[in-house]
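Shown next, in structure tokens, is the structure this report addresses.
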Amino acid sequence: MPGYPALPEGLAYGGDYNPEQWPEEVWQEDVRLMRQAGVNLVTVGVFNWGLIEPAEGVYDFDRLDRIFDLLHSEGIKVDLGTPTSSPPVWFRNRHPGSRLVDREGHVLGGATRHSFCPSSPEYAAASERVAGRLAERYAGHPALAMWHVHNEYGWANAHCYCPTSAEAFRAWLRERYGDVGAVNAAWGTTFWGLTYGSFDEVEPPLLAPPGLLTGLQLDFMRFSVDAHIANYRREREAVRRFSDLPVTTNFMIPNCKPMDYWRWSAEVDVVANDHYLDAETPDAHIGLAMAADLTRSVSGGRPWMLMEHSTGAVNWQPRNLAKRRGEMRRNSLAHVARGSDSVMFFQWRASRHGAEKFHSAMVPHAGTDSEVWRDVVDLGADLGRLAPVRGSRVEADVAVVWDWESYWALELEWRPSADLGFRERVGAFYEALWREHVTVDFVHPSADLSAYRLVVVPSAYLLTEGSAKNLHRYVEAGGHLLVSFFSGIVDENDAIHGGPYPGVLREVLGLSVEEFHPLREHGTVAVSSGAGEYAGRIWSERVRLGEAAALWTFADGPDAGHPAVTRHDLGAGAAWYVATALDEASGSGPRGPYGLRGLLGEVLDHAGVRRLADVPEDVEVVRRGAHLFLFNHGDRPVTVPGVTGTGLLDGVEHRGSATVPPGGVAVVRT
Ligand code: GAL
């Protein structure tokens with residue numbers, strides 16, 4: 001089936017396999033261990049360019065042929081990487097114009113991956129050629145299951161500022177705007193008299209004194225996404241000339257801010273994601289859940305692939321914490337619960353050489369007499385038992401708006417407060433919903449919202465008129481909307497929408513905002529809900545009611561006595577607005593553990609979103625098709641009521657409840 005790797009059945013299990021780093025005797029042990037662990041898919045060849053094309057136009061596929069044949073003989077399928085994220089040393093020397101240049105104008109060095117300009121025509125030609133040669137050679141190989149083009153577009157070279165990029169950017173602008181007057185109008189260049197006389201005068205947003213045109217910066221980010229997508233498409237088409245197997249590339253959701261994955265998702269046959277735990281943050285599993293939900297949403301709800309994660313520590317965080325026992329299993333199965341049809345790792349065997357030698361692997365340096373290896377084998381058995389989950393879908397009643405363009409715009413310089421952040425607000429709302437055991441989808445604000453009972457808009461600073469109308473229609477038709485402060489402020493060019501804030505959202509929210517009153521660092525304001533008081537952080541503002549009613553009010557600070565939370569009943573639905581940051585860091589209050597939970601409780605009830613009663617807060621509950629996944633992140637056994645069905649992992653019959661041990665997982669077919 002297109003979109004799925006051509007695997008025999010069940011979930012895909014494996015990881016990046018880099019046998020070229022090892023003598024061939026080790027390969028025999030590799031495949032034996034892969035069989036032992038139940039590995040059925042490995043990603044091969046990701047960084048092999050310099051090995052398969054040792055000199056320009058000279059190819060050597062001997063080693064790769066042997067690897068393919070060996071894997072095939074053991075029944076292990078190949079996800080074949082095109083090696084173009086790591087151009088060979090000769091390429092860089094032969095084509096100096098392809099070198100990556102940073103914002104400060106430095107030409108970056110080589111001897112690492114991703115050191116090339118995404119707009120380089122030499123890179124375009126060479127990458128297309130090597131992808132085509134690989135496809136020609138391996139398209140018919142029986143071990144081949146799918147194509148893995150490149151590795152993590154934009155990982156280190158999202159933006160290049162070299163003369164070639166500058167020229168490509170100007171061409172992009174010509175195409176988008178037609179004449180330079182339209183660019184001047186879009187970017188508002190009468191400000192500081194920065195008007196362009198021709199396209200040739202436009203420079204990329206190189207490091208400059210403060211105050212760089214924000215419209216220019218946003219367009220450069222859009223241009224850069226297009227440059228990477230063009231590279232991907234070229235390779236994808238080169239592959240498709242020989243092969244009709246699924247083609248994908250691995251995303252980095254949510255940690256690659258420059259890549260707009262709503263745009264990317266249309267380009268791949270199956271969405272694949274790499275996720276690494278933010279190991280030092282408390283409750284890192286909530287960040288994992290958010291990444292998985294966002295990945296599924298980018299995939300349009302279709303099953304997706306976890307292409308990389310880690311068995312233990314990574315090598316690139318400030319302090320690389322190992323996973324505690326059981327954590328790797330919970331992490332893996334949480335991705336499956338939230339829609340992944342695979343569990344893949346970086347990497348199979350820990351490297352001896354190079355930058356990643358302290359990165360964990362399925363086969364650690366300690367070898368097979370290790371807890372990590374035993375956990376890898378056990379996980380393979382678990383995934384075998386979860387085969388029936390493949391292909392099923394997660395349904396959500398609640399959606400959270402996520403827009404990469406708004407993320408970029410909100411975090412440009414000179415905003416009303418340094419404490420404003422896109423991830424900060426989305427994270428706060430996501431966490432509160434997670435603690436309420438509510439599974440969410442993420443949506444672009446222009447998407448069809450009709451399937452959701454509630455849509456949360458945490459930080460849609462940049463919101464087009466079209467998207468705002470979409471939200472308006474959604475509420476009129478019976479939807480419930482919850483909008484946080486500093487949303488709907490600017491258009492796609494970072495220009496303030498006309499009239500009082502929040503321009504395009506005034507009507508749906510039934511209010512306007514007269515003035516922003518950001519708080520001092522660590523400052524708080526009191527917010528009264530009627531029943532008691534909560535603390536608000538970061539923000540206060542003067543809300544003026546139109547058709548909306550005030551539910552909660554500021555009890556002190558610059559807006560004392562004025563609305564802090566409002567509701568506007570509109571058509572068959574309702575729109576709430578919250579004018580400060582009510583979240584966990586604000587402390588607890590009378591209606592729940594903290595203000596945002598209290599407010600969400602009211603909104604979820606009003607919207608008719610059903611929640612599980614009597615489930616402890618650190619138990620994660622996700623339904624995927626007929627399967628209920630229960631994760632106990634706490635250190636005591638928990639009994640979850642209302643569960644009837646068969647445990648897939650342990651065969652236990654549950655009649656009315658399921659007990660999950662500390663750190664454990666249950667998957668119940670209901
Ligand atoms: C990923 C990358 C892998 C490896 C891994 C280490 O970003 O795709 O090749 O470097 O990180 O965590």
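Each ligand, and each atom within it, is numbered from 1 in the order the structure gives.
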Closest protein heavy atom to atom 3 (C) of ligand 1, given as residue, atom name and distance to 0.1 Å
E308 OE1, 3.3 Å
Is the Lys NZ or Arg CZ of R133 less than 6.0 Å from the centre of Y59's six-membered ring, within 45° of the axis?
yes
Within-4.5 Å side-chain heavy-atom neighbours: P258 and M221
no
For atom 5 (C) of ligand 1, what is the closest protein heavy atom, and at what distance to 0.1 Å?
Y276 OH, 3.5 Å
Contact between F242 and R137 at the side-chain level, heavy atoms closer than 4.5 Å - yes or no?
no
Enumerate the atoms of ligand 1 whose separation from the nearest heavy atom of E152 is less than 4.0 angstrom.
1 (C), 2 (C), 7 (O), 8 (O)
Polar proximity ligand 1 side, R113 side, N/O cut 3.5 Å exclusive
yes
Can you list the atoms of ligand 1 that are under 4.0 Å from a heavy atom of W316?
6 (C), 12 (O)
Near F47 (heavy-atom distance under 4.0 Å), the atoms of ligand 1 are 9 (O)
Would you find more than 12 non-hydrogen atoms of other residues, nucleotides or ligands less than 6.0 Å from R325 atom CZ?
yes
At less than 4.0 angstrom from any non-hydrogen atom of D274, what atoms of ligand 1 do you find?
8 (O)
Rounded to the nearest 0.5 Å, how far apart are CD1 of I76 and CG of L71?
5.5 Å
Ligand 1 to N250 polar contact by distance, N or O atoms, under 3.5 Å
no
Can the positive tip of R236 be found less than 6.0 Å from the middle of the six-membered ring of W147, inside 45° of the ring normal?
no
Report, in ascending order of atom number, the atoms of ligand 1 lying under 4.0 Å from any heavy atom of N151.
2 (C), 8 (O), 9 (O)
Which bit of H359 gets closer than 4.0 Å to ligand 1, counting heavy atoms only: side chain, backbone, both or neither?
side chain
Dump the intermediate steps for salt bridge (charged side-chain N to carboxylate O under 4.0 Å, His left out) on E122 and R94, then the final yes or no.
CA-CA 10 Å; E122 293 88 356; R94 189 106 183 222; over 6 Å; no
In the structure I gave you, are the side-chain heavy atoms of D16 and V44 within less than 4.5 Å of one another anywhere?
no
Please list, in number order, the atoms of ligand 1 under 4.0 Å from a heavy atom of E356.
4 (C), 5 (C), 6 (C), 10 (O)
